[in-house]
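Comments concern the structure below.
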Amino acid sequence: MSERKFTTDSDIYINEVYTGEGSLDLPGEFPYTRGVQKDMYRGRLWTMRQYAGFSTAEESNKRYKYLLANGTMGLSVAFDLPTQIGYDSDHVMSEGEVGKVGVAIDSLKDIETLFDGIELEKITTSMTINATASTLLAFYIALAKKQGADIKKISGTIQNDILKEYAARGTYIYPPKPSMRIITDIFEYCSKDVPKWNTISISGYHIREAGSTAVQEIAFTLSNAKSYLKAAIDKGLDIDVFGQRLSFFFNAHNNFFEEIAKFRAARRMWAKMAKDMGAKNPKAMMLRFHTQTGGATLQAQQPENNIMRVTLQALAAVMGGTQSLHTNGFDEALSLPTEAAARTALRTQQIIAYESGVVDTVDPMGGSYFVEELTDQIEKTAWEYIEKIDAMGGSVSAIEQGYMQKEIADASYRYQMAIEREEKIIVGVNKFNSDKDVMPPIMRVDDSIRIQQMEQLKQLRNERNNDLVQTGLETLKQAAIDGRNVMPLIIESVENYTTLGEIADTFRGVFGEYRA
């Protein structure tokens, strides 16, 4: 088959990449400002990975199959709040939250239902989970083994970025140091047993959602990444091997050119940072990232306007060279996305990919006087933040001192004041208002979901071998005390249908809980 010819609609030939007077770096070459792949989307489109999860595992399974049937290339799982902070659905702290902001997962039984009819060896799965990431990954591995999959071939990502939880999001359980220890246990285990798994997705997304600027988003994210890299090196892991399994997760906001420049600057900065920390393998210096359009930019007023916001943000992510993308539903300021909104969000990506022409050349904004200067300025200011954090002793110390939290809060306040003074215009909110807004249908999750989960948990505890469960938890507790790698024992426990809450409580008993 002949190589595809790339042309405009007027039959004008499109080069793979455009350069100036020899002044621009090339895509796929250090420091990767212009992209981590030489041919970028001409070779392969980004992964269209729609984030979904709500109610029960049965209901989420239906949505996953719907998304896969409509062209989604990979799954991205949203978990409810109790799952994120290590409580089973029948815990008193879970009341009112089961299945609300994501799917409720209590045990391997729920994961079996969540992925029923979906072969894990044939898809990639991203899981937005942090404090309990080790247990959710163990559930996934256990299910893959039950399916007969080769766990050395399964691929996907766990977010597993606890530092940004202390700085911006709040779904932490244990103090920073033992949390970092569990994370490095995951790094070590997966490097040997699940080598295609991305063991951490270092997230600027939630830093931005908490109110940071674009510069703070990449500065704080890369500073956190530096801490993870150092912890892995201290654990004895090879940066040239481990560095290839790092991925990043960024936000895409409305300021089109700033967002493109932000992604370009982040790639360049990470390449330099990884090289300075000893990386020699080019793949260990490549910043690969998933992007999600800005949830905090979605407005409840005139919600159909959000379709345009999401389109601009998605286009910026593609022009900035993302490897994976989730587009938000236009109704998400009001509720979890309805099926229709999820389809529109996916179609937005597909229209950009197949109709816009922006994928036909690599880094189409490269060489723009404005974008190149903006990239330089963002990098310069971000390095200044990182130098301040280094002087404090690194990210963990800066978080313990409240530095990142205060910087984010101050930026959020300034942004809100600009909106209230109408220095920053939000269409339909502080200008171009309408008293005739038509509200779209809203998805509601019934509180009876908790009762259903509680009944299933009761049945599970009656049917499983509780002696094996208790023995496993005692062994896990001792490993946590002794400093041994806990991942193999977590996997063994979940295979015996130990619940997420039981494992989290075991660690709570050893490590305690963090209080901000």
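All figures in this text were calculated on a predicted structure; none of them were measured in a lab.
At least one side-chain heavy atom of M269 sits less than 4.5 Å from a side-chain heavy atom of I386. In this structure, I503 and I490 have side chains that are in contact, with non-hydrogen atoms separated by less than 4.5 Å. Contact check for V98 versus I451: no side-chain heavy atoms found under the 4.5 Å cut-off. Put simply, the side chain of V194 reaches to within 4.5 Å of the side chain of Y189, judged on heavy atoms. Within the 4.5 Å cutoff, the side chain of V318 has heavy atoms near those of the L325 side chain. Residues L500 and I105 have side chains not in contact (no heavy-atom distance under 4.5 Å, counting atoms from C-beta outward). Looking at heavy atoms from C-beta onward, F263 lies in side-chain contact with T291 at the 4.5 angstrom threshold. The side-chain heavy atoms of H290 and H326, taken from C-beta on, include a pair separated by under 4.5 Å.
Not one N or O on the side chain of S126 forms a donor-acceptor pair closer than 3.5 Å with the backbone of S76. Under a 3.5 Å cut-off, the side chain of T498 and the backbone N or O of S493 do form a donor-acceptor pair. Within the 3.5 Å criterion, the main-chain N or O of G86 finds a donor-acceptor partner in the side chain of R508. Remark: the backbone N or O of T157 is not paired with any side-chain donor or acceptor of N198 at under 3.5 angstrom. Here the side chain of T184 pairs no donor or acceptor atom with the backbone of F187 at under 3.5 angstrom. Between the N465 side chain and the L468 main chain, a donor and an acceptor come within less than 3.5 Å of each other. Judged purely by atom type and a 3.5 angstrom limit, T475 uses its side chain to pair as donor or acceptor with the backbone of T471. Looking at N485, its side chain does come within 3.5 Å of a backbone N or O of M487 through a donor-acceptor pair. Without hydrogens or angle criteria, T47 side chain to G74 main chain gives no donor-acceptor distance under 3.5 Å. Under a 3.5 Å cut-off, the side chain of E420 and the backbone N or O of A418 do not form any donor-acceptor pair.
Rounded to the nearest 0.5 angstrom, I207 CD1 and K164 NZ are separated by 8.0 Å. The CG atom of N160 sits 12.0 Å away from atom OG1 of T128, with the distance rounded to the nearest 0.5 Å. The distance from the CD atom of Q459 to the CD atom of E455 is 9.5 Å, given to the nearest 0.5 Å. Here the CZ atom belonging to R208 is positioned 10.5 Å from the OG1 atom belonging to T221, to the nearest 0.5 angstrom. Separating the CG atom in L489 from the OG1 atom in T506 is a distance of 11.5 Å, to the nearest 0.5 Å. Of the inter-residue distances, the one linking L222 atom CG with S227 atom OG reads 11.0 Å to the nearest 0.5 angstrom.
Comment: E387 does not engage K380 in a salt bridge, judged by the lack of any side-chain N to carboxylate O separation of less than 4.0 angstrom. Checked for salt-bridge contact, E400 and K177 meet the test: a charged N lies under 4.0 Å from a carboxylate O. A salt bridge links K262 to E259: one of the charged nitrogens lies within less than 4.0 Å of a carboxylate oxygen. Salt-bridge annotation for D390 and K226: present, with a side-chain N of the basic residue lying under 4.0 Å from a carboxylate O of the acidic one. One finds a salt bridge joining D90 and R461 here, because a Lys/Arg side-chain nitrogen approaches an Asp/Glu carboxylate oxygen to under 4.0 Å. Using a 4.0 Å cut-off between charged nitrogen and carboxylate oxygen, E379 and K272 count as a salt-bridge pair. A salt bridge between D185 and K235 is present, with a side-chain N of the basic residue lying under 4.0 Å from a carboxylate O of the acidic one. Ion pairing of R450 with D80 is absent here, as no side-chain N (NZ or NE/NH1/NH2) approaches a carboxylate O to less than 4.0 Å. Here K62 does not pair with E339 in a salt bridge; the nearest charged N to carboxylate O distance is not below 4.0 Å.
Atom CD of E513 is surrounded by more than 12 heavy atoms from other residues, nucleotides or ligands within 6.0 Å. For K458, the NZ atom counts as loosely surrounded, since its 6.0 Å shell holds 12 or fewer non-hydrogen atoms of other residues, nucleotides or ligands. Within a 6.0 Å radius of CE in M93, no more than 12 heavy atoms belonging to other residues, nucleotides or ligands are found. Counting non-hydrogen atoms of other residues, nucleotides and ligands closer than 6.0 Å to NZ of K275 gives a total of 12 or fewer. Counting non-hydrogen atoms of neighbouring residues, nucleotides and ligands closer than 6.0 angstrom, the CD atom of Q299 exceeds 12 such neighbours.
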Show the numbers, then the answer: is there a side-chain contact (heavy atoms from CB on, under 4.5 Å) between L246 and Q244?
CA-CA 6 Å; L246 291 176; Q244 297 181 56; over 6 Å; no
Apply the test side-chain hydrogen bond (donor to acceptor under 3.5 Å, both in side chains) to residues Q84 and N130: give CA-CA distance (whole Å), side-chain angles for both, the deciding distance (0.1 Å), then the verdict.
CA-CA 7 Å; Q84 293 182 51; N130 297 282; 5.5 Å; no
Show your reasoning for whether side-chain contact (heavy atoms from CB on, under 4.5 Å) applies to L75 and F115.
CA-CA 10 Å; L75 298 177; F115 293 102; 4.0 Å; yes
May I have the step-by-step check of side-chain contact (heavy atoms from CB on, under 4.5 Å) for E217 and S212, ending in yes or no?
CA-CA 6 Å; E217 179 188 352; S212 80; 3.9 Å; yes
Test side-chain hydrogen bond (donor to acceptor under 3.5 Å, both in side chains) on N466 and R464 and set out the steps.
CA-CA 6 Å; N466 285 297; R464 69 186 185 181; 2.7 Å; yes
Does the side-chain contact (heavy atoms from CB on, under 4.5 Å) test come out yes or no for I419 and Y415, once each step is laid out?
CA-CA 6 Å; I419 292 172; Y415 186 81; 3.4 Å; yes
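Side chains of S395 and N224: a donor on one and an acceptor on the other come within 3.5 Å. If you check the side chains of T499 and S107, you find no donor sitting under 3.5 Å from an acceptor. Remark: the E58 side chain and the T113 side chain contain no N/O donor-acceptor pair separated by less than 3.5 Å. When only modelled atom types and interatomic distance are considered, R49 and Q349 share no side-chain donor-acceptor pair under 3.5 Å. A donor atom on one side chain and an acceptor atom on the other are not found under 3.5 Å apart for Q292 and N251. For S223 and Y385, the side-chain atoms include no donor-acceptor pair closer than 3.5 Å. Judged purely by distance below 3.5 Å, without hydrogens or angles, the side chains of E384 and T381 never pair a donor atom with an acceptor atom.
Taking the six-membered ring for Trp and thresholds of 30 and 60 degrees, H91 and Y87 have ring planes inclined between 30 and 60 degrees apart.
Remark: A411 pairs with T213, Q216, R414 by the side chain to side chain contact (heavy atoms under 4.5 Å, CB included) rule, at least two apart or across chains. The side chain to side chain donor-acceptor pair (under 3.5 Å) check on D106 picks up S89, Q453, with sequence neighbours excluded. Under the rule for a side chain to side chain contact (heavy atoms under 4.5 Å, CB included), the partners of S155 that lie at least two apart in sequence or sit in another chain are T124, K196.
Taking the six-membered ring for Trp and the full ring otherwise, the centers of F248 and W270 sit less than 6.0 Å from each other. F249 and F289 have their aromatic ring centers separated by at least 6.0 angstrom. For Y174 and Y514, the ring centers sit 6.0 Å or farther from each other.
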